[in-house]
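Each ligand, and each atom within it, is numbered from 1 in the order the structure gives.
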Amino acid sequence: MACVWALMVVVQVVAAQGMGVNYGTLGDNLPTAGEVANFLKTKTTIERVKIYDVKAEVLQAFAKSGISVTVTAPNGDIGVLRNMETARQWVVSNIKPFHPETKINYILVGSEVLHWGDSSMIRGLVPAMRTLHSALEAEGITDIKVTTAHSLAIMRASIPPSQGSFRPALAKRVLGPMLKFLRETRAPFMVNPYPYFSYNGKNVNFLLFRPNRGLYDKYTKITYTNQFDALMDAVHSAMKALGFADVAIAVGETGWPSLCDGWDACSVSNAQSYNAHLITHLATPKGTPLMPNRTFETYIFALFNENQKPGPIAERNWGLFHPDFSPVYDSGLLRNPQVTPAPAPGNRNKWCVPKADASDAALQANINYVCSQGVDCKPIQPGGLCYAPNNVRALATYAMNAYYQANGRHDFNCDFSHTAIITTIDPSHDKCKF
Ligand SMILES: *[C@@H]1O[C@H](CO)[C@@H](O)[C@H](O)[C@H]1NC(C)=O
């Protein structure tokens, strides 16, 4: 592990303020909650954790840590939370002992109830959310919001994104009333989008934020360059169809496993590509094509590899960290107290350029991708200082390097589906400065 740690310190930390993680505890080798709180606070830029219960030990450990905690009332508590008296008791025993020393942001009522819950839980969900909100107020707590997280099984359609819609039976009876409650209480609608579940071998670049042909939405004429944005916009379209486009969206879970049962979807490099790109993607208030400039509070799944999770191997390998706190890969969330300042322009010593055998088609795809990602491509447009020589390779060299420099110079930002390589030779020419 020593060599992994050594690599970490040379990697520049991206500004990933506000990133959250899901802190699951289904392992027999995991550190104590106190150790976890201390690790997150001192060694990472993670600012929020989400837990799948209301474990006193965890809530205690995060007191005065500066890290906020989202807790979950188990599905089995929905009945209790529907009744004002028992809901108040629930608040008194589970929340009050830790509030406000522990910053509790949200209480989630159940976990993917509309996917996994029985019909009485589904019927009781919104009433339980409303009652819990009132119970908190009755106990004098006004800074904890109530919401719940949904799997994307609530969607009837999500392609193309502008035509996204909820399953009709849920839309009318549950999601409409829920969105009304969330708007009234200014709480976010929380979804768990997993591009991983759409993996089919051919769409890997689209899922992993790598250069790709994209997904064209003929209704909006927007080309999506990644599945995460496409899923978020599908959810947005479904909310809009019900009249709730203004309600904030939060991401309760998303992630990618680093190991599974011989399926090529899972690898350290794929998991790193998804999570590290996602974190960079969310670090700026860029939003999505249909939600420009919006931010999405996001919780990566998951903090640790959990060795006691049942099911296929992948289930035990979603973690950003091993139980000994060593990173499974560099996700960009480690804090580096000795961050070397970014070299001043003109004083850089690494550049990202096309490999000799990269095809013009691949390089053109790289240009299209980079220039759709908010990188300034004006220098390679007509009249720009880097427009000459006007051939695909020269223009791609500028674009790919600009992307690499703009995203913190991580090695994984100079991959471009294996068409790129890092060089120490400055490709600047004439008045075109790289
Ligand atoms: C998004 O932010 C940019 C830059 O601040 C601004 O020019 C643009 O009008 C904003 N768009 C929306 C829809 O708010």
Exercise for the section: May I ask you to decide if the ring planes of Tyr196 and Trp256 are parallel, tilted or perpendicular, using 30° and 60° as cut-offs? Expected result: perpendicular

Fill in the blank from the handout: Only residue of Phe166, Trp116, Phe189 satisfying ring-ring contact (aromatic ring centres under 6.0 Å, His included) with His150 is Phe189

Practice task
Using a strict 4.0 Å cut-off to heavy atoms of Pro292, name the atoms of ligand 1 that fall inside it.
Solution key: 13 (C)

Exercise for the section: On the 0 to 90° scale, with breaks at 30° and 60°, tag the Trp263-Tyr199 ring pair as parallel, tilted or perpendicular. Expected result: perpendicular

Problem - Ring geometry between Phe228 and Phe296 (parallel below 30°, tilted from 30 to 60°, perpendicular above 60°) - result: perpendicular

Practice task
Taking atom 11 (N) of ligand 1 as the reference point, report whether a protein heavy atom occurs under 4.0 Å from it.
Solution key: yes

Handout entry: Closer than 4.0 Å: a protein non-hydrogen atom to atom 5 (O) of ligand 1
Key = no

Fill in the blank from the handout: closest protein heavy atom to atom 3 (C) of ligand 1 is Asn293 ND2, 3.6 Å

